[in-house]
There are 2 protein chains.
Amino acid sequence: MDMAVILCAGLARRMQGFPEHLPKQLIRVAGREILYRTIKLLKERGIENFIFVVNESNREPIEEFVKKLGISYTLVLNREPERENGYSLYLAKNYVKGRFVLTMGDHLYSEDFVERALEGEGLIVDELALYTDREEATKVLCREGRVEDIGKGIEEFNGYDTGFFILDESIFETAERLVGEKERITLSEIVKSAKLRCTFVSGEFWTDVDTPEDVERARRELIRASVKGVGDGFVSRHLNRKFSLWLSEKLIEKITPNQATWFTFLVGVFSSIVALLSPALGGILYQLSSMMDGIDGEIARASMRTTKFGGYLDSVLDRYVDFLFLSALALWLKPTTAFLPWVLLALFGTLMVSYTTERFRGAYCEDAYRVIKSLRFLLGKRDERVFLIMLFCLFGWLKALFVFLALLTNLRVILTLYLVWRERGRS
Amino acid sequence: MDMAVILCAGLARRMQGFPEHLPKQLIRVAGREILYRTIKLLKERGIENFIFVVNESNREPIEEFVKKLGISYTLVLNREPERENGYSLYLAKNYVKGRFVLTMGDHLYSEDFVERALEGEGLIVDELALYTDREEATKVLCREGRVEDIGKGIEEFNGYDTGFFILDESIFETAERLVGEKERITLSEIVKSAKLRCTFVSGEFWTDVDTPEDVERARRELIRASVKGVGDGFVSRHLNRKFSLWLSEKLIEKITPNQATWFTFLVGVFSSIVALLSPALGGILYQLSSMMDGIDGEIARASMRTTKFGGYLDSVLDRYVDFLFLSALALWLKPTTAFLPWVLLALFGTLMVSYTTERFRGAYCEDAYRVIKSLRFLLGKRDERVFLIMLFCLFGWLKALFVFLALLTNLRVILTLYLVWRERGRS
């Protein structure tokens, strides 16, 4: 299956607060156009040919938009959009071969939804519809794998129409017959008449976008879903992520992920300079930079801008900040030669915590935290370290800090080595 | 193609210096049995079923050996080995379907040879036969893609018989006919009579093993070929590798790769302790440990024992040795607070050189030195650093050493970041 039909011909009432000339499909949600998201998710899963059914008023902006994406596409013009979306599907008839995806240009889907939906058949139905306006949604009664009833007002139903279908050419027989019989024909009527098969994909994020509230809710969900999380420590889960998600929501339309990376880095560098004069104040700034550390990744994932280089740069800069901050504390402390080993061990161990997990990925091309679950519960991840460093700085216990860090980090490294050996020692 | 026939029924005269009861196919060369090597190379490339044609005297040890490998195999007993290897092939007739590999149980092949040979057709012929006794080898005259003549004593020839074939069932027609006509029938006679196709694969390592000298030469070649080399610096290429290869040759049958890793680590730790008392002496030992650093990988590759964990452990332990040695020098130097930044920067930069290249592999699952060729020419790899550190130690220039290292390593890190960005900044 390498084809998708995306219906964009609906006569949407314009949404409040969005530019008059902007078709609904091109509204940016969390930094990316709705249509871009659907196209990218489908393209990453092998869909290579896209058919967009458009109307006369949105034809130009949509064509301009998809042209820039460098995909293989066909534009089908629906001159009579008032004949409803069933008629739009019918118009795609001559452009489609074999199995294909049918979806709506004004619906937003998460990666997990698309992943599961592509394995389904017929209409994809959601029992829960957690993220959309269920009052307004189209209900479906799906029995023994077939659509028995569908409509906004039906009494008996067991799911919601997600606007996502896996179809084949045979659907056009029903469409053609109905289009011949009636002037206006909705997709729902075709679905019901064809007794289409239905597949349940429940609980994943998807929504149609009809109102500014829909946009706002979708935006928040997309940012929330952007937390990778598997390597997050205790402090990150309970403090840093809350702050960074709040900040990401504020910033997602305003800055790029790389700008966020550099800005966070600068805050970290600044915290080190401050620490030379006041470890307590520096420590607070250092914790602030740690709380900001998540936003580059969150913005990148939510706006579909992740690059491997972004992760690479972020890792390397984190090491520099950790080094600079601890070095500043060391200079403030003016260690004697007798105490110097603790300083060096703390610095080295801090870097090696990261080295041993990153080097794992280098060796096995897999995330250490995913493969070795017990690693997640080992204390000493960056978020925890930074938080503890701040506490020690606030209390002014700098000598104790270096001893503590030297022990904590190097112990963690040795445990990591042991856990990696236990899991993968023979491969 | 998932089948291989391996002929092991030859009545080999026993080799001097090897145990009487040991079949030639089970002689260990560079730590691994000849037969193990062939089986492993084929298995890694999709061959799943092995047919071994054995004789009455080697049947038991060979069966015992292959049983332990956990492969799917069939043993075919040749009760009349004096009827030659053509007859052995004929006996495999009922066990083979479709295309299959035919090879000799007493031949050694390199990975590159097998890789290329599997893409060929018919008899694999080598124009050069660089690594075998060409006097004793079987010559081939290959014309227009077909074997025109073959034999030890032929006058006109353009290649050597490698003992490696890609065949299909049709070969058994010729084999059956010849076996019916004559008592003794060599593989060469079948090849010639069938006008077998021939493919040139020239210059790769392969050899048959007939004499103790063959074993010795093969051993040296296998160890030499074990140098990975792509991340090697100047000092490694011109000094360390020469020493480590010499040592690997001595040790390959005596220690495991992991033992080599730990032994090298201990030498490194010892060099740090010595450096606390005498930087010069410590520096020499440190360079010695760096020269030994290659042997674990060499032994592992030459004896087909590589594991990803081995590489992982080696990397982490190298970081510890570097840290311990520089820390020892720092303690010897007793730096003032004003000089401390240089010490910390040198230590940090040293680790980051490794971090930035290893993290690349974590991000892209590719070797940084393979992807970004200019990285290879950047000064500051471990072998170069260690050598320079030794020189500074010998001259007693410890302060200069830290300043130099701080600049060299951090500059290299920044350049690495730049090169990675240039190559992969958008992906």
Side-chain angles (χ1 to χ4, degrees), chain A residues 258 305-317 319-320 322-324 326-328 330-338 340-341 343-345 347-352 354-368 410 413-414 416-417 420-427, chain B residues 258 305-317 319-320 322-324 326-328 330-338 340-341 343-345 347-352 354-368 410 413-414 416-417 420-427:
Chain A
N258 271 337
R305 281 192 169 79
T306 49
T307 61
K308 288 170 180 170
F309 181 77
Y312 178 79
L313 181 67
D314 188 34
S315 280
V316 173
L317 295 184
R319 304 293 82 72
Y320 266 93
D322 288 347
F323 162 71
L324 290 173
L326 287 179
S327 296
L331 293 176
W332 194 87
L333 191 65
K334 299 188 176 58
T336 60
T337 302
L340 190 57
V343 172
L344 299 179
L345 271 169
L347 206 81
F348 174 70
T350 297
L351 293 174
M352 288 302 284
S354 173
Y355 188 88
T356 44
T357 45
E358 294 298 350
R359 183 64 178 75
F360 182 92
R361 202 149 58 166
Y364 300 97
C365 277
E366 290 176 87
D367 192 285
N410 287 287
V413 168
I414 290 163
T416 303
L417 265 184
V420 171
W421 172 78
R422 215 182 51 177
E423 186 75 28
R424 292 285 168 97
R426 310 226 145 258
S427 64
Chain B
N258 271 338
R305 282 191 169 80
T306 49
T307 61
K308 289 170 179 167
F309 181 77
Y312 178 78
L313 181 67
D314 188 35
S315 280
V316 173
L317 295 183
R319 303 293 83 71
Y320 266 93
D322 288 347
F323 162 72
L324 289 173
L326 287 179
S327 296
L331 292 177
W332 194 87
L333 190 65
K334 300 188 177 57
T336 60
T337 302
L340 190 57
V343 171
L344 299 180
L345 271 170
L347 207 80
F348 175 71
T350 297
L351 293 175
M352 289 303 283
S354 173
Y355 188 88
T356 44
T357 44
E358 294 297 349
R359 184 65 178 74
F360 182 91
R361 201 150 57 168
Y364 299 97
C365 278
E366 290 176 87
D367 193 286
N410 286 286
V413 168
I414 291 163
T416 302
L417 266 183
V420 171
W421 171 78
R422 215 182 51 176
E423 185 76 28
R424 292 286 168 97
R426 310 227 147 256
S427 63

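For clarity, every value in this text was computed on a predicted model and none was experimentally measured. Reminder, nothing fancy here: chain letters follow the sequence lines and each chain counts from 1.
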(request) Give, as side chain, backbone, both or neither, the part of B/Asn258 having an atom under 4.5 angstrom from any heavy atom of chain A. (result) neither
(message) Less than 4.5 Å to any heavy atom of chain B: does that hold for the side chain of A/Asp367, its backbone, both, or neither?
(response) neither
(request) Would you give the length of the straight line joining atom CG of A/Leu347 to atom CG of B/Leu351, rounded to the nearest 0.5 angstrom? (result) 8.5 Å
(message) Under a 4.5 Å cutoff for heavy-atom pairs, which residue among B/Phe360, B/Phe323, B/Tyr364 has the most contacts with chain A?
(response) B/Phe323
(request) Below 4.5 Å from any heavy atom of chain A, which atoms of B/Thr306 appear? Answer side chain, backbone, both or neither. (result) neither
(message) Taking every non-hydrogen pair under 4.5 Å, which of A/Pro335, A/Gly362, A/Ala330 racks up the most with chain B?
(response) A/Gly362
(request) If the plane angle is over 60° it's perpendicular, under 30° parallel, otherwise tilted; pick one for A/Tyr312 and A/Phe309. (result) tilted
(request) Would you mind checking which part of A/Leu344 comes under 4.5 Å of any heavy atom in chain B, side chain (CB onward), backbone (N, CA, C, O), both or neither? (result) both
(message) Given 3.5 Å as the limit, does a donor-acceptor pair link the side chain of A/Arg361 with the main chain of A/Thr357, or not?
(response) no
(request) Look at A/Leu333, A/Leu345, A/Val343 and state which one has the largest set of heavy-atom pairs under 4.5 Å with chain B. (result) A/Leu345
(request) Start with the C-alpha gap between B/Phe348 and A/Phe348, add the side-chain angles, then the distance that decides, and say whether ring-ring contact (aromatic ring centres under 6.0 Å, His included) holds. (result) CA-CA 8 Å; B/Phe348 175 71; A/Phe348 174 70; over 10 Å; no
(message) So which atom in B/Lys308 and which in A/Ala363 form the shortest heavy-atom distance, rounded to 0.1 Å?
(response) CD-O, 3.2 Å
(message) Treating B/Arg359 as the side-chain partner and A/Gly311 as the backbone partner, does any N or O pair qualify as donor plus acceptor under 3.5 Å?
(response) yes
(request) Heavy atoms only, distances under 4.5 angstrom: which of B/Cys365, B/Ser315, B/Ala338 has the most pairs with chain A? Name it, please. (result) B/Ser315
(request) Check each atom of B/Leu417 against the heavy atoms of chain A and say whether the ones under 4.5 Å are side chain, backbone, both or neither. (result) both
(request) Describe, in one word, how the ring planes of B/Tyr355 and A/Tyr355 are oriented to each other, choosing from parallel (under 30°), tilted (30 to 60°) and perpendicular (over 60°). (result) tilted
(request) Could you tell me which of A/Arg424, A/Arg426, A/Met352 has the largest number of non-hydrogen atom pairs under 4.5 Å with chain B? (result) A/Met352
